[in-house]
There are 2 protein chains.
Amino acid sequence: MARPLSFERDHVVEAATRTFLRHGLHATSAEDLCQATGLGRSSLYNSFGSKDALFAECLGAYLTRTRERGEAILGDTARPVRDRIATLLRLIASEEAERVSAGEPRGCLAVNTVAELADDAEHVESMRRVDEDTAARLHLLADVLRVGQAAGEITDQVSAEGLAAFVNASIAGLRITSQGGTASDRLEDIVATTLRALDP
Amino acid sequence: MARPLSFERDHVVEAATRTFLRHGLHATSAEDLCQATGLGRSSLYNSFGSKDALFAECLGAYLTRTRERGEAILGDTARPVRDRIATLLRLIASEEAERVSAGEPRGCLAVNTVAELADDAEHVESMRRVDEDTAARLHLLADVLRVGQAAGEITDQVSAEGLAAFVNASIAGLRITSQGGTASDRLEDIVATTLRALDP
DNA sequence: ATCATTATGGAATGTTCATTACAAAATTTT
DNA sequence: AAAATTTTGTAATGAACATTCCATAATGAT
C-alpha cells in the first residue's frame, strides 16, 4: 500500500551499534550515523525517532544478543561448570581478537555505557537496562557457579554470588583491556589466570 | 608585578577531574567546568587554554598520582609480594566505597578515558599518555610478581607478564563494577577472588 | 599614589549539532 | 496507468557549545 523502506532495520542497527561502540553516545553525531548506515537524515529520524532512541535500540539488541549467547553456553548442563565458564571467557577473548583483524571496534557496549552514562541524568533509562541485564547475568552466573561448588569443581572459599561478581568484573576488565589495545596472547593469559581463581 | 590568580590551580584541576570522571570529556561543557570550579569562563581559558588542555592536565595529574601511590605500595620490598598486591587491590576497593559516602563519582579516569577515547582521532595524545602509563604499570607489576614467583608466593603457572596483565585487568574490572553501582561487600569478594588466582 | 600588568565578568562570535519542514520520488494497490 | 501512501534528499531552524573580545577591576612594584 505504500513505498517500502530501502534498508533492513537490523543492518542499520548493527552499523549504528559499531559506531556507538567506537565513539560512544555523546561523540557520535547524527551525521556520523548517516555515514555509517548509508541512510539520509530523514530516513533515520523517520524510522528511529531520535539519536537517543536509536542508541536505546542498539543497546537493547546488543544486550539481548550477548545475554542469549551467554545463556546458551552457561546453561549447557551436560558440561562441567568450569568448562562452561572457560568457554565463555575464551569466546570473549577470541571475539576481541577477531575484531582487530576485521577492523571493527573492540570493547563492550554495556561496559562503555556504564563508563559514559552511569551519572548521566538524561539517560537513566539506558542505564536501567544495563543494570537489569547485569543483575540477570549475575543471577545466572551465581546459579551455575553454585552447581559447580556442589560438584567440587569450583572453590567454595568465596560465595557463589561473590564468584559471580568476580567473573562479571573479569569480563569487563577483559573488554576494557582489549579496547586499550592489548594483544590477543595477553588476553588469553588473563582468561587462564581468571579461571585459576575459581579452582578449588 | 601584576594581579595574582584568585584560585589555586591544583584545586581547580581537582574539581575539574571530578567532573570529567563523572560525565566524561564529551559530555562536560565549559559551563559545567565553570560551575564545578567556581571560575569564570575567561579565567578558565586564560589559565588552561582550552577544555581539551584542561582535560589533558587533569588526566596527567590523575595518572601521576595513581602511579605514585601504586609504586609506593608495590615497591615496599620489605613485605611479601602477595601482601603488596592485596593492599593495592583493597585500597582501590575501599577508595571506591568511600566515594559513595562522600558523594563523589566512582570509577577511574584512566579506564573511562580508554572507553571514551580509544578510537578518537582528535585525542590521540591523551590515549598515548594512558598507554604509556599502562605500560609502566604493567612493567612494575610484572617485576614484582616475578619476585613473588621466585619466592614461591605466587603461582608460576602463568608468566609474570601474564599475571601482570591479569591484575591490571582486574583493577579495571573492579572500577567499572564499582561505577555500575556494586556494593562494597561485593567489591571485597572480587578482590578476594582475584587474589586466589595468584596463589601457587 | 601611580603605573604596568594581569585577572575577571559579561557579552559576542562562529560553529556544530539535533531535529524538523517540505517537496519530490518511489512503490504498491486498484 | 493513476491514486494513495510513505520514503527520501535538501534545506532550514533553533539551541548548545567552545572560544574570543573588550572593558573593567585588582594587585604588586616603583
Side-chain angles (χ1 to χ4, degrees), chain A residues 1-59 113 116-117 119-126, chain B residues 1-59 113 116-117 119-126:
Chain A
M1 202 143 86
R3 177 177 175 181
L5 293 173
S6 68
F7 54 86
E8 287 179 62
R9 195 177 180 90
D10 292 354
H11 293 169
V12 171
V13 169
E14 210 178 313
T17 301
R18 271 196 296 272
T19 308
F20 283 130
L21 179 56
R22 197 187 288 279
H23 299 296
L25 171 59
H26 292 299
T28 299
S29 68
E31 180 57 32
D32 291 337
L33 291 166
C34 292
Q35 201 88 19
T37 62
L39 296 202
R41 257 183 281 275
S42 294
S43 306
L44 215 146
Y45 276 88
N46 215 18
S47 289
F48 297 96
S50 71
K51 190 180 90 164
D52 284 358
L54 174 54
F55 178 78
E57 185 162 339
C58 290
L59 181 63
T113 299
E116 188 177 6
L117 303 183
D119 289 328
D120 188 328
E122 311 246 341
H123 297 91
V124 181
E125 181 57 24
S126 286
Chain B
M1 200 144 93
R3 179 179 173 180
L5 294 172
S6 68
F7 55 86
E8 286 179 64
R9 194 177 181 93
D10 292 354
H11 292 169
V12 171
V13 169
E14 209 177 314
T17 301
R18 272 195 297 271
T19 308
F20 284 130
L21 178 56
R22 195 186 291 278
H23 299 295
L25 171 59
H26 292 299
T28 299
S29 68
E31 180 56 33
D32 290 337
L33 292 166
C34 292
Q35 202 88 20
T37 61
L39 295 203
R41 258 183 281 274
S42 295
S43 305
L44 215 148
Y45 276 86
N46 214 18
S47 288
F48 296 97
S50 72
K51 191 180 88 163
D52 284 358
L54 175 54
F55 177 78
E57 185 161 339
C58 290
L59 181 64
T113 298
E116 187 176 8
L117 303 183
D119 289 327
D120 188 328
E122 311 244 339
H123 298 91
V124 182
E125 181 58 24
S126 286

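What you are looking at is a predicted structure, and each value in this text was computed from that prediction instead of being measured. Below, chains carry the letters A, B, ... as their sequence lines are ordered, and counting in each starts from 1.
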Nearest-Å distance, [atom1] ([X]) to [atom2] ([N])?
X	N	atom1	atom2	value
B:Leu39	C:dA7	CG	P	12 Å
B:Phe48	C:dT8	CZ	C1'	15 Å
A:Phe7	C:dT27	CZ	P	14 Å
A:Asp32	C:dC17	CG	P	7 Å
A:Asn46	C:dA25	CG	P	18 Å
A:Glu122	D:dA16	CD	P	10 Å
B:Leu33	D:dC17	CG	P	11 Å

Residues which pass ring-ring contact (aromatic ring centres under 6.0 Å, His included) with A:His23, listed by chain and number, not counting sequence neighbours:
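Residues passing ring-ring contact (aromatic ring centres under 6.0 Å, His included) with A:His23: none at all.
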Pairs satisfying salt bridge (Lys or Arg N to Asp or Glu O under 4.0 Å), at least one member in residues 43-55 of chain B, at least two apart
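Counting only pairs at least two positions apart or across chains, no salt bridge (Lys or Arg N to Asp or Glu O under 4.0 Å) contact touches residues 43-55 of chain B.
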Under-4.0 Å side-chain N/O to phosphate OP1/OP2 contact, B:Ser43 with C:dT8
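Yes, such a contact exists.
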Among residues two or more places apart or on two chains, list those pairs meeting side chain to side chain donor-acceptor pair (under 3.5 Å) that have a residue in residues 31-50 of chain B.
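Non-adjacent pairs meeting side chain to side chain donor-acceptor pair (under 3.5 Å): B:Ser29-B:Asp32, B:Glu31-B:Arg41.
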Please list all pairs meeting side chain to side chain donor-acceptor pair (under 3.5 Å) that have one or both residues in residues 7-22 of chain A, counting only residues at least two apart or in different chains.
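Residue pairs with at least one partner in residues 7-22 of chain A: A:Arg9-A:Glu57.
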Taking the side chain as every heavy atom from C-beta outward, state whether B:Thr113 and B:Phe55 have any pair of such atoms under 4.5 Å apart.
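The answer is yes; the side chains approach within 4.5 Å.
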Can you pull every protein N or O that's under 3.5 Å from an N or O on nucleotides 18-24 of chain C?
unit_1	atom_1	unit_2	atom_2	d
C:dA18	OP1	A:Thr28	O	3.4
C:dA18	OP1	A:Lys51	NZ	2.9
C:dA18	OP2	A:Ala30	N	2.8
C:dT19	OP2	A:Tyr45	OH	2.8
C:dT19	OP2	A:Lys51	N	3.0
C:dA21	N6	A:Ser42	OG	3.0

Heavy atoms only: give me the nearest B:Leu54-B:Ala16 pair and the separation to one decimal.
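Of all heavy-atom pairs spanning B:Leu54 and B:Ala16, the closest is CD2-CB, 4.0 Å.
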